[in-house]
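Take a look at the structure below.
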Amino acid sequence: MIAIGCDHGGYKLKLEIIKHLKKKGIECVDFGCPSADAVDYPDIAFPLAESVAKGEFEKGILICGTGIGMSIAANKVKGIRCSLCSDTYSAHTTREHNDSNVLALGARVTGVNLALDIVDAWLGAAFVGAHHKQRLEKIKAYEQK
Ligand code: RB5
């Protein structure tokens, strides 16, 4: 189960991602927004990110026009490692090295087919641990200050 959310800029791409994941047998819980009417991205990013941080979802996907607003907001939530990706190399590497738990996408930057490949690359990769773990521990320690 994946948590997914968007603002108006990401609404159409969100529907494509939900459809794509459904075909692969992956269900999404939709945190909104429910239409292409304008909303403020933090209103979607914070509830989704908090839900992931609490462990209610292992992973989340946030989409806005650039992906930047969503990633800035999500990364304010303790325990969230939100990665804005516009290529598949970054998408799988951020899972492998950063144990990314939220993916941000920019619907006005990244075309639908590439976005779907990015989603697949991100979901298909796993954290490799090892020396990357100590780096994440440093981020965790900083968050606790
Ligand atoms: C909305 O117009 C746009 O600002 C938003 O989707 C996003 O790109 C913000 O970072």
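In this chain, numbering begins with 1 at the start of the sequence shown. Both counts, for ligands and for their atoms, begin at 1 and track the order of listing. Note that the coordinates shown come from a computational prediction; the quantities given were computed from them, not determined experimentally.
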**OP:** Apply side-chain contact (heavy atoms from CB on, under 4.5 Å) to the pair D99 and R81, showing each step before the final yes or no.
**Re:** CA-CA 7 Å; D99 199 15; R81 294 173 299 280; 3.5 Å; yes
**OP:** Using a 4.0 Å heavy-atom cut-off, say whether T66 meets ligand 1 through its side chain, its backbone, both or neither.
**Re:** both
Subject >> Which segment of M70 sits under 4.0 Å of ligand 1 when only heavy atoms are counted >> reply: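 M70 to ligand 1: no contact under 4.0 Å from either part.
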Original post:
Do F31 and F57 have their ring centres less than 6.0 Å from each other?
Top reply: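 For F31 and F57, the ring centres are under 6.0 Å apart.
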Subject >> Polar proximity ligand 1 side, Y41 side, N/O cut 3.5 Å exclusive >> reply: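 Among all N and O atoms of Y41, none is under 3.5 Å from an N or O of ligand 1.
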Original post:
Do ligand 1 and G67 have nitrogen or oxygen atoms that lie under 3.5 Å from each other?
Top reply: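 Between G67 and ligand 1, no N or O pair is found under 3.5 Å apart.
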Original post:
Which residue supplies the protein heavy atom nearest to atom 2 (O) of ligand 1, what is that atom called, and how far is it?
Top reply: R108 NH1, 3.3 Å
Original post:
What is the nearest protein non-hydrogen atom to atom 10 (O) of ligand 1, stated with its residue, atom name and distance?
Top reply: G69 N, 2.8 Å
Taking only heavy atoms of [X] into account, list the atoms of ligand 1 that are under 4.0 Å away from them.
{"X": "D7", "result": "1 (C), 5 (C), 6 (O)"}
{"X": "H8", "result": "1 (C), 2 (O)"}
{"X": "G65", "result": "5 (C), 6 (O), 7 (C), 8 (O)"}

**OP:** State, yes or no, whether a side-chain contact exists between L116 and I17 at a heavy-atom distance under 4.5 Å.
**Re:** yes
**OP:** Please check if the side chain of R95 supplies one atom and the backbone of A126 the other of a donor-acceptor pair under 3.5 Å.
**Re:**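 Checked: no pair found.
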**OP:** Spell out, as yes or no, whether a donor-acceptor pair under 3.5 Å connects the side chain of E27 to the backbone of K22.
**Re:**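 Not confirmed, E27 side chain does not pair with K22 backbone.
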Original post:
Is there a protein heavy atom at a distance of less than 4.0 Å from atom 8 (O) of ligand 1?
Top reply: yes
Subject >> Donor on one side chain, acceptor on other, S100 and W122, under 3.5 Å >> reply: yes
Subject >> Residues, nucleotides or ligands: over 12 heavy atoms within 6.0 Å of E58 CD >> reply: no
